[in-house]
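Structure, as structure tokens:
Ligands are counted one by one from 1 in listed order, and the atoms in each one are counted from 1 as well.
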Amino acid sequence: MEGKTLYSAAQPSGNLTIGNYAGAIRNWVSLQDGYDCFLAIADMHAITVRQEPALLRRRTLELVSLYLACGIDPEKCTLYVQSQVPQHAELTWVLNSVAYVGEMERMTQFKDKSRKHADNINMGLMDYPVLMAADILLYQTDLVPVGADQKQHLEIARDLAVRFNNRYGETFRVPEPYIMKEGAKICSLQEPDKKMSKSDENLNASVFLSDDRDTVIRKFKRAVTDSGNEIRASEEKKGVTNLLTIYAAFKNCTVAEAEREFEGKGYGDFKLAVGETVADALAPVQEEQRRLLADREYVSSFLKAGQERAFKAARRTLSKVYRKVGFYQGD
Ligand code: TRP
């Protein structure tokens with residue numbers, strides 16, 4: 001396992017929920033010990049849907065600070081901002097000549113987003129998977145941790161790598177999906193048969209990492225529970241099961257242990273305990289994030305170091321690509 005490169009990126013759009021935290025972010029922190037990790041803030045992907053410029057910049061810094069607050073170790077993981085490493089755009093252009101319009105048009109996310117943003121079906125939206133392939137291939141990535149929604153994009157990255165290698169000779173490592181340890185699957189507090197989402201219109205459905213203590217507790221108090229009064233995980237009790245899952249994820253215990261703890265208790269006490277547990281767990285992360293956001297000098301020097309490391313690795317691959325395709329690179 002030692003020495004393998006793991007690559008991931010996250011868009012600086014929208015607020016993260018406790019679902020993202022218990023799944024992706026915490027998992028990532030545990031991976032940085034075993035792999036050579038690159039983690040990008042994908043601001044170039046973000047602008048494929050309309051963004052408020054000042055907000056995009058702020059969210060970029062917020063997300064970096066959040067990752068650091070959650071325990072990303074700058075010694076072990078190269079954390080950087082995608083637009084600060086020009087090779088992403090440069091490799092995208094080369095790969096554009098290898099990617100087919102037809103395969104891009106067939107992508108599920110492109111079709112979904114075209115429907116959702118019918119007034120803004122831009123070229124970037126269609127090219128999104130090629131940019132993502134460039135991200136991954138630039139670093140000769142072995143493994144990409146992906147959730148279900150990004151699997152098709154990773155397939156395209158693999159296809160483009162193989163196609164390029166066949167056409168121009170061995171250039172890219174072909175990345176494999178990294179199937180994450182099953183993180184806790186956290187559902188909406190209002191409709192517990194749906195995944196908790198950052199874009200849910202019902203503000204009581206999702207708990208955000210940025211919610212203050214009172215908000216967190218209020219949302220849990222309003223969480224839907226099921227009929228009956230037993231605090232037990234089961235198919236028929238999706239609301240209670242979800243709350244038990246959340247409790248277990250934030251207390252680092254099993255659902256069975258959580259059930260035992262609440263045996264004989266009422267729903268009211270139970271919901272309050274879950275809310276307090278989550279609020280207690282978020283408090284130190286939020287405080288550290290606030291501290292970092294106030295220390296712009298530290299964060300920017302940190303990002304500069306990330307940019308330099310990423311730049312060096314990316315330059316190596318891009319110059320190989322330019323040579324393979326026949327670009328003149330000076331004598
Ligand atoms: N498209 C990914 C998402 O929205 C973010 C992303 C961009 C990414 N580039 C990547 C993920 C490369 C993994 C690898 O979640």
Exercise for the section: List the closest protein heavy-atom neighbour of atom 5 (C) of ligand 1: residue, atom name, distance to the nearest 0.1 Å. Expected result: Ala9 O, 3.4 Å
Problem - ligand 1 contact on Ile136 by region, counting heavy-atom pairs under 4.0 Å - result: side chain
Practice task
Could you list the atoms of ligand 1 found under 4.0 angstrom from a heavy atom of His45?
Solution key: 7 (C), 9 (N)
Exercise for the section: Please state whether the rings of Phe164 and Tyr168 are parallel, tilted or perpendicular, taking 30° and 60° as the class boundaries. Expected result: tilted
Problem - Test of proximity, Gln11 against ligand 1: N or O pairs below 3.5 Å - result: yes
Problem - For atom 1 (N) of ligand 1, the protein heavy atom that lies nearest, with its residue and separation - result: Tyr128 OH, 2.6 Å
Problem - Tyr322 six-ring centre to Arg316 NZ/CZ under 6.0 Å and within 45° of normal - result: no
Handout entry: Heavy-atom neighbours of Glu308 CD exceed 12 at 6.0 Å
Key = yes
Exercise for the section: Could you check whether the rings of Phe250 and Tyr21 sit parallel, tilted or perpendicular, using 30° and 60° as the cut-offs? Expected result: parallel
Practice task
Check each of Leu138, Asp135, Leu143 against Tyr7 using the side-chain contact (heavy atoms from CB on, under 4.5 Å) test, and report the only one that passes.
Solution key: Asp135
Practice task
Measure the distance from atom 3 (C) of ligand 1 to every protein heavy atom, then report the residue, atom name and distance (to 0.1 Å) of the closest one.
Solution key: Gln150 NE2, 3.5 Å
Problem - Any donor-acceptor N or O pair under 3.5 Å, side chains Gln152, Thr108 - result: yes
Completion exercise
of all protein heavy atoms, closest to atom 9 (N) of ligand 1 is Asp135 OD2, 2.7 Å
